[in-house]
Protein chains: 2
Amino acid sequence: MQLKNQVEWALHCAAVLAGLPEGRYVSTKALAEFHGVPKEYLSKALQGLSSAGLVVSTLGPSGGYRLARAPGDISFLDIVEAIEGPGRTFVCTEIRRNNPCRPAGMCDDRPCGVARVMWAADEAWRASLRQVSLAELGEGIAEDVPADLLAAGRDWLLNSR
Amino acid sequence: MQLKNQVEWALHCAAVLAGLPEGRYVSTKALAEFHGVPKEYLSKALQGLSSAGLVVSTLGPSGGYRLARAPGDISFLDIVEAIEGPGRTFVCTEIRRNNPCRPAGMCDDRPCGVARVMWAADEAWRASLRQVSLAELGEGIAEDVPADLLAAGRDWLLNSR
DNA sequence: TTTATTACGGATATTATTTATCCTTAAGGA
DNA sequence: TCCTTAAGGATAAATAATATCCGTAATAAA
């Protein structure tokens, strides 16, 4: 079980967009070259962010994407779900119903005991992702990378057309 | 991203094994028919549990599997990892290295900020699974299913050959 | 107004993973 | 001796992930 690599790409793109000056757009092409990933496929990930309402797009030269909300209002979970969908990692196929000793309809109102535990773990995962925003990601990155290098990245992205 | 259905099968098999009298074995065939899943493929899952040391197998007629430890000493995480492997759900491909503005070797000692957050969520998931044992699963199931039905299931499994 | 650039979406191809099935081997019990 | 079993290798089928290609409409710049 592994998350799609588009999740990684989307998160890095979002991190980059979060660092840009208000109102500036960056194109798929620039994001793809900056991250060294295939443009056409990255485009699908960005469309996912767009249809989830996390980013806003605009057409034409100088078009591209920007965040739809403040970085503090976009969580990791928002982005992961935009790419992976809202489904759970554990899917219960109700194999308890195949039990030959089980009367039909028994406990059908209550989720299977196995699923209850697995879903609680899923929820712990989600809760962990929900509590970290792009703003906090930015703070973490600012501790790793000197400010002038971050600025150089911004300039590269904004002047790459 | 979805867990394999073998995870569900393995958990249900483990739950069943946890409810058996000490020292009794149940065959792949019985477990497969009880749960309504393909025997040959379930066998692979059980082999996974076996090579992870969670169950003990024995050959010949009246052979099969039993738990290797007390139900209280086997966690959900043990079983999930036996099937899915120990890897993380988020794999960092270090795309930050492709950043054209980044000096080679920069922060290579420190994991990427995106990965740090994703791995913390992975760890929350694991911690949640680690803290629930088969014994606790059994308690939860005992609340759902009347004792006589549980006994009927045990008998079915032990007398199915 | 023209032209270049862009996001968007559909169609398709390629590759990897999941989900099986089949068969042989060796061990164990009746 | 015979039947049953787990183990493991080989292979096939189905599904999902990872792309690539192309046409369309919108938009800004020239």
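Convention: sequence-line order gives letters A, B, ...; per-chain numbering from 1.
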Taken to the nearest whole Å, CD/A/Glu40 to P/C/dT14 is 16 Å
Please answer: with hydrophobic residues joined when any side-chain heavy atoms are less than 4.5 Å apart, are B/Tyr65 and B/Leu59 in the same cluster?
no
State which of C/dA7, C/dG29, D/dC21 makes the closest approach to the side chain of A/Lys44.
D/dC21
Report the relative orientation of the aromatic rings in A/Trp156 and A/Phe34; use parallel for angles under 30°, tilted for 30 to 60°, perpendicular for over 60°.
tilted
So which heavy atom on B/Val114 is nearest to which on A/Phe76, and how close?
O-CE2, 4.0 Å
Interatomic distance, B/Leu157 CG vs D/dT5 P [rounded to whole Å]:
13 Å
Check this one for me: any side-chain N or O of A/Ser27 less than 4.0 Å away from OP1 or OP2 of C/dT5?
no
Between B/Thr58 and C/dG28, is there a contact of a side-chain N or O with OP1 or OP2 at under 4.0 Å?
no
Residue-phosphate contact under 4.0 Å: B/Ser43 side-chain N/O, D/dG8 OP1/OP2:
no
Just N and O in the side chain of A/Asn5: are any of them under 4.0 Å from OP1 or OP2 of D/dT18?
yes
Are OP1 or OP2 of D/dA6 and a side-chain N or O of B/Gln47 less than 4.0 angstrom apart?
no
Using a cut-off of strictly less than 4.0 Å, decide whether B/Tyr65 has a side-chain nitrogen or oxygen near OP1 or OP2 of D/dA7.
yes
How close or far is atom P of C/dA7 from atom CG of A/Leu49, stated in whole angstroms?
13 Å
Can you figure out which of C/dC8, C/dT19, D/dT20 approaches the side chain of B/Tyr41 most closely?
C/dT19
From D/dA28, C/dC8, D/dT20, pick the nucleotide closest to the side chain of A/Ser57?
C/dC8
Integer-rounded Å distance: C/dT18 P and B/Leu3 CG:
10 Å
Rounded to whole angstrom units, what separation is found between the CZ atom of A/Arg66 and the C1' atom of D/dT27?
16 Å
Just by modelled atom types, is the B/Asn5 backbone N or O under 3.5 Å from a matching donor or acceptor in the B/Glu8 side chain?
no
Interatomic distance, CE@A/Met106 vs CZ@A/Arg96, rounded to 0.5 Å, equals 9.0 Å
In whole Å, I'd like the distance from the NZ atom of A/Lys29 to the C1' atom of C/dA7.
14 Å
Scan A/Thr28 against the nucleic acid and name what it touches under 4.0 Å (heavy atoms): base, sugar-phosphate only, or nothing.
sugar-phosphate
Hey, which sits more toward the 5' end of DNA chain C by its nearest nucleotide, B/Glu84 or B/Leu59?
B/Glu84
In whole angstrom, what separates B/Leu42's CG from D/dT5's C1'?
14 Å
Of the nucleotides C/dA20, C/dT19, D/dG9, which one has an atom closest to the side chain of B/Trp9?
C/dA20
Give the rounded distance in Å between these two atoms: OH of A/Tyr25 and C1' of C/dA7.
12 Å
